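Worksheet: the structure to be examined is printed underneath.
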Amino acid sequence: MAEISKPKVESSTALVTGGTAGIGRATALALARDGFFVWVHGRNAERGNATVQAIEAAGGRAKFVAADLNDIDAVECLAEAVGEVDVLVNNGGFSWFGPTTDLEPAEFDALFAANVRSAYYLVAALAPKMAKNGGGSIVNLGSMAGQVGLAGSAAYSATKAALAALTRSWAAEFSPSHVRVNAIAPGPVFTDGASPERITALGEATLLSRAANAEEIAEVIAFLISDKASYITGAVIAADGGRTAI
């Protein structure tokens with residue numbers, strides 16, 4: 001792993017939800033490389049501490065913070081624990097695929113709580129502080145599933161479409177106070193929790209005829225957070241190998 005550069009701004013802090021695996025872990029590593037102190041959120045302390053150790057081994061700074069995104073009280077405690085941040089990456093949540101008739105109400109509610117409600121209340125708690133401090137950046141993890149119809153993903157797709165809508169509204173609300181809000185909509189990505197067969201099949205339907213790896217998505221997130229993207233807000237950036245272009 002490449003050595004992490006010295007932070008550009010010593011006080012720059014980022015919270016990455018779901019930062020212990022997959023896209024979240026890759027994003028935490030990328031932001032630490034770029035000089036941020038990273039709050040690595042997750043539920044599994046072993047994986048969280050392993051991510052922190054990987055960041056520290058490369059010269060970065062990070063700390064693990066546990067919270068169940070399905071629990072609104074835990075989400076509020078998470079916001080209190082991190083205090084003020086310059087960057088929020090709403091990556092945490094989970095997916096569910098299957099026939100519409102098979103999704104139980106409790107699982108439906110949990111899906112929206114983790115994927116949408118947690119992001120909503122983290123933004124409610126942290127974005128005003130960013131505005132008060134002169135600005136910040138928020139990136140929400142959408143999905144190509146929120147842009148195109150995929151059989152078996154109705155509820156999951158709805159959560160990702162909701163995040164895209166929230167992104168536009170939050171940009172209208174907070175960007176006049178210099179808080180940029182964007183979303184990234186990945187296509188199929190190989191992660192620990194995804195079925196390799198399903199991801200491979202989805203990847204073959206993209207214009208690039210392959211799925212992405214988590215690091216490719218993390219680099220787009222890092223770009224959106226950086227000063228290089230200083231004029232981008234309210235956007236949903238497709239990182240899907242061209243799938244939604246066709």
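Because only heavy atoms are used, hydrogens play no part in the values below, and waters and symmetry mates are left out as well, while side chains stay in. Since the model is a prediction, treat every value here as computed from it, not as a measurement.
Of the possible polar contacts, one joining the R61 side chain to the G35 backbone as a donor-acceptor pair under 3.5 Å is found. Distance alone, capped at 3.5 Å, is enough to place a donor-acceptor pair between the S226 side chain and the K228 backbone. Of the possible polar contacts, none joining the H178 side chain to the A131 backbone as a donor-acceptor pair under 3.5 Å is found.
Considering only heavy atoms from C-beta on, M130 comes within 4.5 Å of V85 through its side chain. The shortest distance between side-chain heavy atoms of V82 and L126 falls below 4.5 Å. Looking at heavy atoms from C-beta onward, I246 lies out of side-chain contact with T206 at the 4.5 angstrom threshold. Considering only heavy atoms from C-beta on, F223 stays 4.5 Å or farther from I237 through its side chain.
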Any chance you could lay out the side-chain contact (heavy atoms from CB on, under 4.5 Å) test for D68 and R43, step after step, and finish with the verdict?
-> CA-CA 6 Å; D68 181 356; R43 292 190 298 176; 3.9 Å; yes
Full working for side-chain contact (heavy atoms from CB on, under 4.5 Å) between V40 and V16 | CA-CA 6 Å; V40 178; V16 180; over 6 Å; no
Report the C-alpha separation of E107 and F94 in whole Å, then their side-chain angles, then the decisive distance to 0.1 Å, and conclude whether the side-chain contact (heavy atoms from CB on, under 4.5 Å) test is met.
-> CA-CA 11 Å; E107 190 77 356; F94 69 98; 3.5 Å; yes
Can D73 and E76 be said to form a side-chain contact (heavy atoms from CB on, under 4.5 Å), step by step?
-> CA-CA 5 Å; D73 292 333; E76 292 174 354; 4.1 Å; yes
Could you walk me through whether E219 and R33 pass salt bridge (charged side-chain N to carboxylate O under 4.0 Å, His left out), step by step?
-> CA-CA 11 Å; E219 289 301 333; R33 174 204 65 199; 2.6 Å; yes
Kindly determine whether R210 and E216 satisfy salt bridge (charged side-chain N to carboxylate O under 4.0 Å, His left out), including the steps that lead there.
-> CA-CA 12 Å; R210 67 172 180 86; E216 289 178 290; 2.7 Å; yes
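Linking Ile, Leu, Val, Met, Phe, Trp and Tyr residues whenever their side-chain heavy atoms come within less than 4.5 Å leaves I184 and V236 in two separate clusters. L78 is connected to F112 through a chain of hydrophobic side-chain contacts under 4.5 Å among Ile, Leu, Val, Met, Phe, Trp and Tyr, so both are in one cluster. The cluster map of Ile, Leu, Val, Met, Phe, Trp and Tyr, joined by side-chain heavy atoms under 4.5 Å apart, puts V52 and V89 in the same cluster. Clustering ILVMFWY residues whenever any of their side-chain heavy atoms sit less than 4.5 angstrom apart, transitively, puts L202 in a cluster other than the one holding L208. Grouping the Ile, Leu, Val, Met, Phe, Trp and Tyr side chains by contacts below 4.5 angstrom, directly or via other members, places Y121 with W39.
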Side chains of residues 140-165: which donor-acceptor partners sit under 3.5 Å, not counting sequence neighbours?
unit_1, atom_1, unit_2, atom_2, d
N140, OD1, N90, ND2, 2.9
N140, ND2, T167, OG1, 2.9
S143, OG, A145, N, 2.9
S153, OG, L150, O, 2.9
S153, OG, S157, OG, 2.8
S157, OG, A145, O, 2.8
S157, OG, S153, O, 2.8
T159, OG1, N115, ND2, 3.2
T159, OG1, Y156, O, 2.6
K160, NZ, L141, O, 2.9

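Listed here is the closest heavy atom pair of A28 and V38: O-CG2, 3.8 Å. What you find for A50 and R25 is that their closest heavy atoms are O-NH2, 4.1 Å. Heavy atoms only, all atoms of each residue included: P186 and I23 are closest at CG-CD1, 4.4 Å. Taking every heavy atom of both residues into account, V65 and A81 meet most closely at CG2-CB, 4.3 Å. A245 approaches L207 most closely through the heavy-atom pair CB-CD1, 4.4 Å. When all heavy atoms of N70 and R117 are compared, the pair lying nearest together is O-NH2, 2.7 Å.
Within 6.0 Å of the CG atom in D102, the count of heavy atoms belonging to other residues, nucleotides or ligands exceeds 12. For CZ of F190, the number of neighbouring non-hydrogen atoms (other residues, nucleotides, ligands) closer than 6.0 Å is greater than 12.
Between E56 and K63, no side-chain nitrogen of the basic residue sits less than 4.0 Å from a carboxylate oxygen of the acidic one, so the salt-bridge criterion is not met. E173 and R168 are not joined by a salt bridge, as no carboxylate oxygen comes within less than 4.0 angstrom of a charged side-chain nitrogen.
Among V87, T233, N182, V181, the single residue meeting the side-chain contact (heavy atoms from CB on, under 4.5 Å) criterion with I138 is V181.
Put simply, SG on C77 and CD1 on I72 are 10.0 Å apart, with the number rounded to the nearest 0.5 Å. For the atom pair D109 CG and L103 CG, the distance stands at 9.0 Å (nearest 0.5 Å). From S12, atom OG reaches atom CD1 of I225 across 11.0 Å, with rounding to the nearest 0.5 Å. Rounding to the nearest 0.5 Å gives a distance of 10.0 Å between CG of N91 and OG of S118. The CZ atom of R180 sits 6.5 Å away from atom OG of S230, with the distance rounded to the nearest 0.5 Å. To the nearest 0.5 angstrom, L29 atom CG is 11.0 Å from D34 atom CG.
A donor-acceptor pair shorter than 3.5 Å cannot be found between the side chains of T20 and T51.
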